2 protein chains.
Amino acid sequence: MNIKQFSELTQVSAHTLRYYEKIGLLKQVNRTANGHRSFTAKDIDWVGFIKRLKEMGMELKKIQQYADLREQGDSTSEQRKQLLEEHVVVVENRIEVEARNLDKIKQKIQYYNKIIKN
Amino acid sequence: MNIKQFSELTQVSAHTLRYYEKIGLLKQVNRTANGHRSFTAKDIDWVGFIKRLKEMGMELKKIQQYADLREQGDSTSEQRKQLLEEHVVVVENRIEVEARNLDKIKQKIQYYNKIIKN
DNA sequence: TGTTGACTTAGAGTTAGCTCTAAGTATTAG
DNA sequence: CTAATACTTAGAGCTAACTCTAAGTCAACA
């Protein structure tokens, strides 16, 4: 499958796919005789996986670490789990901050309700 | 008060203060005879206000809109309130996304717990 | 007098994650 | 045969919100 088809299938632009390869997120992508990238079913899974981690708000650098661990095989399961557990803390902290922000804005809105009434 | 003192007081770097002035967040900053900025007590309140909005996760562009409205006086209270209410929606959506992310990661951790045990 | 230090400006650099451009090659359709 | 299209690469550009640099002015101190 060429980059255009793969791009449509994964909903990731060809530009971004090349970028992911450049920064080492996509490794050992097959090439045809003329040097064009040739993607496989495995690559679909892999990009799907990257997308899921991204959706979780994980940075590409962290995803790369994860990718490296995964490449090393089953022996790194524990490390990958730890990486995810670190990310839980990140997301939990973010939620806390957002909740506080929400409170603050609502207080400010209350203030406006008061001064607008009077 | 010169920029250094003001910077220390507000905990905003001199660089950033100049930047805020450039993008129109800080308006009509007084100058001394030699062209140096001279900040007042009002400016302290104003920067405090900007910081609070920033802490709420509001973008500088939105804060600028808010600033413009505030400059126009009390007649814009309703519009400012609306601006904040829009931001409530933004923050609520963010919290929802983060909560879903948290769920997803925890599921993935559960998966690792299973495969590591066996 | 000279040097230290604070200030000024315009504009470049940084980070993340793309997004796009330019210049070139190769394949395919009419 | 030629025009359109898809691909390749290196590298520039984008956005947000700074952050820093260079080059210069000016006042105070030893």
Side-chain angles (χ1 to χ4, degrees), chain A residues 1-40 43 46-67 87 90-91 94 97-98 101, chain B residues 1-40 43 46-67 87 90-91 94 97-98 101:
Chain A
M1 186 185 334
N2 69 13
I3 200 166
K4 181 140 196 239
Q5 293 170 309
F6 189 70
S7 165
E8 277 158 14
L9 228 127
T10 56
Q11 291 295 303
V12 177
S13 82
H15 279 308
T16 301
L17 288 169
R18 290 194 197 98
Y19 169 70
Y20 281 178
E21 190 176 349
K22 192 159 75 179
I23 64 169
L25 269 189
L26 262 52
K27 294 161 207 263
Q28 62 227 28
V29 177
N30 289 334
R31 299 285 178 139
T32 60
N34 58 11
H36 292 190
R37 287 173 187 79
S38 173
F39 294 92
T40 66
D43 294 322
W46 180 227
V47 169
F49 177 70
I50 291 170
K51 283 176 76 178
R52 250 171 292 137
L53 291 178
K54 257 177 62 64
E55 274 165 30
M56 291 178 196
M58 196 181 279
E59 294 167 7
L60 293 193
K61 270 190 187 164
K62 206 104 195 177
I63 299 178
Q64 224 187 101
Q65 284 176 37
Y66 197 105
H87 196 58
V90 170
V91 176
R94 270 189 213 155
V97 170
E98 297 298 352
N101 289 344
Chain B
M1 184 187 331
N2 69 14
I3 200 163
K4 180 138 196 240
Q5 292 170 310
F6 189 70
S7 164
E8 277 160 12
L9 228 126
T10 57
Q11 292 295 303
V12 177
S13 81
H15 279 306
T16 301
L17 289 168
R18 292 195 196 99
Y19 168 70
Y20 281 178
E21 190 177 350
K22 192 160 76 178
I23 65 169
L25 269 189
L26 263 52
K27 294 161 208 266
Q28 63 228 27
V29 177
N30 290 334
R31 298 286 178 138
T32 60
N34 59 11
H36 292 191
R37 289 174 187 78
S38 172
F39 295 92
T40 67
D43 295 322
W46 180 228
V47 169
F49 177 70
I50 292 170
K51 282 176 78 178
R52 249 171 292 135
L53 291 178
K54 258 179 61 63
E55 274 166 29
M56 292 178 195
M58 197 182 279
E59 294 167 6
L60 293 194
K61 269 191 187 164
K62 206 101 195 179
I63 298 177
Q64 223 185 99
Q65 284 175 38
Y66 197 107
H87 195 59
V90 170
V91 177
R94 269 188 215 156
V97 170
E98 297 299 350
N101 289 344

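As the structure is a computational prediction, the values presented were derived from the model and not from experiment. In what follows, chains are A, B, ... by sequence order, proteins preceding strands, each numbered from 1. Side chains included, hydrogens not; waters and symmetry mates left out as well; all remaining heavy atoms used.
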Let me check something: any side-chain donor-acceptor pairs from residues 25-35 of chain B under 3.5 Å, sequence neighbours excluded? List them with distances.
unit_1	atom_1	unit_2	atom_2	d
B:Lys27	NZ	B:Gly24	O	3.4
B:Lys27	NZ	B:Asp68	OD1	2.5
B:Arg31	NH1	B:Gly35	O	2.9
B:Arg31	NH2	B:Glu21	OE2	3.4
B:Thr32	OG1	B:Asn34	OD1	2.5
B:Thr32	OG1	B:His36	N	3.3
B:Thr32	OG1	B:His36	O	3.3
B:Asn34	OD1	B:His36	N	3.2

For residues 47-64 of chain B, which side-chain N or O atoms pair as donor and acceptor with protein atoms under 3.5 Å away, sequence neighbours left out?
unit_1	atom_1	unit_2	atom_2	d
B:Lys51	NZ	B:Thr10	O	2.7
B:Glu55	OE1	A:Lys104	NZ	2.9
B:Lys62	NZ	B:Glu86	OE1	2.9
B:Gln64	NE2	B:Ile23	O	2.9

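Residues of residues 56-64 of chain B that place a heavy atom closer than 4.0 Å to DNA chain D, in numerical order, are B:Glu59, B:Leu60, B:Lys61. Applying a 4.0 Å cut-off to non-hydrogen atoms, the residues of residues 25-35 of chain A that approach DNA chain D are A:Arg31, A:Gly35, listed by residue number. Using a 4.0 Å cutoff on non-hydrogen atoms, the parts of residues 7-24 of chain B near DNA chain D are B:His15, B:Thr16, B:Tyr19, B:Tyr20, ordered by number.
Residues satisfying the side chain to side chain donor-acceptor pair (under 3.5 Å) criterion with A:Thr16, sequence neighbours excluded, are A:Ser13. Applying the side chain to side chain donor-acceptor pair (under 3.5 Å) criterion to A:Asn101, with sequence neighbours excluded, gives no partner residue.
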**Item:** Working for side chain to side chain contact (heavy atoms under 4.5 Å, CB included), residues A:Leu17 and A:Ser7
**Value:** CA-CA 8 Å; A:Leu17 288 169; A:Ser7 165; 4.1 Å; yes
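With DNA chain C read from its 5' end, the first of the two nearest nucleotides for A:His36 and B:Arg37 is the one closest to B:Arg37.
Sorted by first then second residue, the salt bridge (Lys or Arg N to Asp or Glu O under 4.0 Å) pairs that include residues 5-19 of chain B, not counting sequence neighbours, number zero. Screening residues 14-35 of chain A for ring pair (Phe, Tyr, Trp, His ring centres under 6.0 Å) gives no qualifying pairs among residues at least two apart or on separate chains.
When the C1' atom of C:dT4 is taken as reference, atom NZ of B:Lys4 falls 13 Å away, rounded to whole Å.
Terminal axes of the helix from C:dT1-D:dA30 to C:dG30-D:dC1 (five pairs each, C1' rotation axis) are separated by 40°, to the nearest 10°.
Using a 4.5 Å heavy-atom threshold, the side chains of B:Gln5 and B:Asn2 count as touching.
Where DNA chain D meets chain B (any atom under 4.0 Å from a heavy atom), the bounding nucleotides read 5' to 3' are D:dA16 to D:dT21.
The distance from atom CD1 of B:Ile3 to atom OG of B:Ser38, rounded to the nearest 0.5 Å, is 11.0 Å. Interatomic distance, CZ of B:Phe6 versus CE of B:Met1, reported as 6.5 Å (0.5 Å rounding).
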